[in-house]
Student: 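Next up is a structure, given as structure tokens.
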Amino acid sequence: MNKVAAVVVTYNRKQLLKENISCLMSQTLREKMDIVIIDNHSSDGTKEVLNDFIKSQEILYRDTGRNLGGAGGFSFGARFAAECGYEYIWLMDDDCMPNPTALEAFLAADRDLKGNYGFLSSKVLWKDGKICKMNIQRKSLAKNVTDFQSRFSPVFMASFVSLFLPVKIVLELGIPIQEFFIWTDDWEYTRRISRKYPCYLVNQSVVVHKSEHNFGASIENDVEGRLDRYRYLYRNDVYLYRREGMLGFFYELFRLSAHCLRVVVKAKNCRRKRIACILCGTAAGLRFHPKITYIEKKGDQVNGF
């Protein structure tokens, strides 16, 4: 077993996944890393595409048994890597394409920081080579990172598109919250860590996020068939920001007001349904109290409880 588990969460995107695996196999420090594929029970023939990799033991493959959402997949993967005894976890989506030196930059940062950090995050570019807007890290509750030149830039929250962290942090602070299903799971988890430890953007670790668009979720512009999923977003955000006390309360109040105003001004249809999703999701968040799951380490064995 190598020291790093590159944990890739996938669901019905086999072509992107194959490209992701190719990028991981091309890492300059490939010999220090195992590739772990967490499949959210894909139905597009993902496992069949991976059979040769599985048989040759070039990857480790685990099917979650059902679609747990992105949050559940990352929770499953973090637990698996910790229980297997890896020293580090490198989390990413299946449409994340790391540059060949992305892992090398993380391990160099780990060495130079002497392990004094909670997590490290890559600089994320979009397909056109520009910064990927949906993956810009936060340097405070409301401000995005703007320093993409320095070797290290302090961060507050980051996405799961190329996140590197020591397993000891997972053992101490728990795994991502599976109940989030989609959205905010990465921000909650990284903020959970940054509340206690310094965390950094490592600009020399570069990945390309092959998302369809270079912008984040937008309830005022999304199609009607996708609106119900926004209830997760607003529910989960309430959980995230209420942990920040009064500052978080006022920020979330301002943010919700701004989203409702954008729906009124910009949405071309279904304004009432969009507003209802915001309000219902927010109300659900006030009742949402998921428990953080911890992993107990006993001697040389790691066991979930």
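Hydrogens, waters and symmetry mates are skipped; everything else that's a heavy atom, side chains included, is used.
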Student: Would Y189 end up clustered with L240 when hydrophobic side chains under 4.5 Å apart are linked, directly or stepwise?
Tutor: no
Student: When you look at NZ of K273, are more than 12 heavy atoms from neighbouring residues, nucleotides or ligands closer to it than 6.0 Å?
Tutor: yes
Student: So if you build clusters from Ile, Leu, Val, Met, Phe, Trp, Tyr with side-chain heavy-atom gaps below 4.5 Å, do L227 and I275 land together?
Tutor: yes
Student: Do side-chain atoms of K133 reach the backbone of G216 as a donor and acceptor pair under 3.5 angstrom?
Tutor: no
Student: Grab the two heavy atoms, one from A71 and one from D185, that are nearest each other, plus how far apart they are.
Tutor: CA-OD2, 3.3 Å
Student: Taking all heavy atoms of S162 and all of S122, pick out the closest pair and write down the distance.
Tutor: OG-OG, 2.6 Å
Student: Would a hydrophobic clustering, with Ile, Leu, Val, Met, Phe, Trp and Tyr connected at side-chain separations under 4.5 Å, put L16 with V208?
Tutor: yes
Student: Assess whether side chain to side chain contact (heavy atoms under 4.5 Å, CB included) is satisfied between L68 and S75, documenting all intermediate values.
Tutor: CA-CA 9 Å; L68 303 177; S75 183; over 6 Å; no
Student: When you check the gap from the basic side-chain N to the acidic O, do E244 and R195 get nearer than 4.0 Å?
Tutor: yes
Student: For D222 and R274, run salt bridge (charged side-chain N to carboxylate O under 4.0 Å, His left out): C-alpha distance rounded to whole Å, both residues' side-chain angles, the deciding distance at 0.1 Å, then the answer.
Tutor: CA-CA 10 Å; D222 218 333; R274 295 172 198 271; over 6 Å; no
Student: I want to know whether W183 and Y234 have ring centres closer than 6.0 Å.
Tutor: no
Student: Salt bridge or not for R271 and E220, using N-O below 4.0 Å?
Tutor: no
Student: Say whether, by atom type as modelled, one donor and one acceptor occur between the side chain of Q27 and the main chain of L103 under 3.5 angstrom.
Tutor: yes
Student: Can you list the steps and then say if Y61 with V36 is a side chain to side chain contact (heavy atoms under 4.5 Å, CB included)?
Tutor: CA-CA 6 Å; Y61 173 85; V36 180; over 6 Å; no
Student: Looking only at the side chains, is there a donor atom on one of D110 and Y117 sitting less than 3.5 Å from an acceptor on the other?
Tutor: yes
Student: Assess the residue pair L171 and Y294 against the criterion (side chain to side chain contact (heavy atoms under 4.5 Å, CB included)); give the C-alpha distance rounded to whole Å, side-chain angles, the decisive distance to 0.1 Å, and a yes or no.
Tutor: CA-CA 7 Å; L171 296 177; Y294 295 88; over 6 Å; no
Student: Looking at N20 and M97, would you say the former's side chain and the latter's main chain have a donor-acceptor pair under 3.5 Å?
Tutor: no
Student: More than 12 heavy atoms of other residues, nucleotides or ligands under 6.0 Å from CD of E212: yes or no?
Tutor: no
Student: Is there a donor-acceptor pair closer than 3.5 Å between any side-chain N or O of N203 and the backbone N or O of F152?
Tutor: no
Student: For ring-ring contact (aromatic ring centres under 6.0 Å, His included), just list the numbers for F119 and F164, CA-CA rounded to whole Å, side-chain angles, deciding distance to a tenth of an Å, and then say yes or no.
Tutor: CA-CA 6 Å; F119 69 80; F164 184 91; over 10 Å; no
Student: Who passes side-chain contact (heavy atoms from CB on, under 4.5 Å) against V9, sequence neighbours left out?
Tutor: I38, N40, F74
Student: Report the residue from K210, R13, K14 that forms a salt bridge (Lys or Arg N to Asp or Glu O under 4.0 Å) with E19.
Tutor: K210
Student: Considering only residues two or more places apart or on different chains, which pairs with a residue in residues 279-291 satisfy side-chain hydrogen bond (donor to acceptor under 3.5 Å, both in side chains)?
Tutor: R242-H289
Student: Using atom types as modelled and distance alone, determine if a side-chain donor or acceptor of N99 lies under 3.5 Å from a backbone N or O of T101.
Tutor: no
Student: Does D147 pair with K139 as a salt bridge, N-O distance under 4.0 Å?
Tutor: no
Student: Rounded to the nearest 0.5 Å, what separates atom NZ in K130 from atom CG in N214?
Tutor: 8.5 Å
Student: About how many Å separate CD1 of I136 and NZ of K123, when rounded to the nearest 0.5 Å?
Tutor: 12.0 Å
Student: Could you measure the distance from the OG1 atom of T293 to the CD atom of E179? Nearest 0.5 Å is fine.
Tutor: 6.5 Å
Student: Using every non-hydrogen atom in the two residues, find where M92 and A6 come nearest and quote the distance to one decimal.
Tutor: CE-CB, 4.5 Å
Student: Does the side-chain hydrogen bond (donor to acceptor under 3.5 Å, both in side chains) test come out yes or no for D44 and T46, once each step is laid out?
Tutor: CA-CA 6 Å; D44 67 342; T46 289; 2.6 Å; yes
Student: Is it true that L233 and V161 fall in one hydrophobic cluster, defined by side-chain heavy atoms closer than 4.5 Å?
Tutor: no
Student: So, T64 side chain and D39 main chain: donor-acceptor pair closer than 3.5 Å or not?
Tutor: yes
Student: Mind checking side-chain contact (heavy atoms from CB on, under 4.5 Å) for R138 and listing every partner two or more places apart, or none if nothing turns up?
Tutor: N144, F156, M157, W187, Y241, Y251
Student: Consider only side-chain heavy atoms of I, L, V, M, F, W and Y, link residues closer than 4.5 Å, and tell whether M25 and V8 are in one cluster.
Tutor: yes
Student: Working to the nearest 0.5 angstrom, can you tell me the gap between D93 CG and H209 NE2?
Tutor: 5.5 Å
Student: To the nearest 0.5 Å, tell me how far L107 CG sits from E87 CD.
Tutor: 9.0 Å
Student: Got a sec, which residues hit side-chain contact (heavy atoms from CB on, under 4.5 Å) with S257, two or more places apart in sequence or on another chain?
Tutor: none
Student: Taking all non-hydrogen atoms of both residues into account, name the closest pair between L165 and G118 and its distance.
Tutor: CB-O, 3.6 Å
Student: Tell me whether K127 at atom NZ has more than 12 heavy atoms from other residues, nucleotides or ligands lying less than 6.0 Å away.
Tutor: yes
Student: Is it true that E172 and K196 make a salt bridge, defined as a side-chain N closer than 4.0 Å to a carboxylate O?
Tutor: yes
Student: Give a yes or no on whether Q57 atom CD has more than 12 heavy-atom contacts from other residues, nucleotides or ligands under 6.0 Å away.
Tutor: no
Student: Is there a donor-acceptor pair closer than 3.5 Å between any side-chain N or O of R192 and the backbone N or O of I175?
Tutor: yes
Student: Between N2 and D34, is the side-chain hydrogen bond (donor to acceptor under 3.5 Å, both in side chains) condition met? List the steps.
Tutor: CA-CA 6 Å; N2 291 310; D34 289 338; 2.7 Å; yes
Student: Please check if the side chain of R30 supplies one atom and the backbone of M33 the other of a donor-acceptor pair under 3.5 Å.
Tutor: yes
Student: Between Y86 and P166, is there a donor-acceptor pair closer than 3.5 Å when you use the side chain of the first and the backbone of the second?
Tutor: no
Student: Walk me through it: do L120 and L201 pass the test side chain to side chain contact (heavy atoms under 4.5 Å, CB included)?
Tutor: CA-CA 6 Å; L120 305 175; L201 160 64; over 6 Å; no
Student: To the closest 0.5 Å, what do you measure between CG (L50) and CD1 (I37)?
Tutor: 6.5 Å
Student: Return each pair, listed once, that meets ring pair (Phe, Tyr, Trp, His ring centres under 6.0 Å) where at least one residue sits in residues 7-55; pairs must be two or more places apart or across chains.
Tutor: none
Student: Using every non-hydrogen atom in the two residues, find where S159 and N135 come nearest and quote the distance to one decimal.
Tutor: OG-ND2, 3.2 Å
Student: Do you know the tightest heavy-atom contact between P154 and V145?
Tutor: O-CG2, 4.3 Å
Student: Could I get the full list of side-chain contact (heavy atoms from CB on, under 4.5 Å) partners for N236, not counting sequence neighbours?
Tutor: F180, T184, Y232, F288
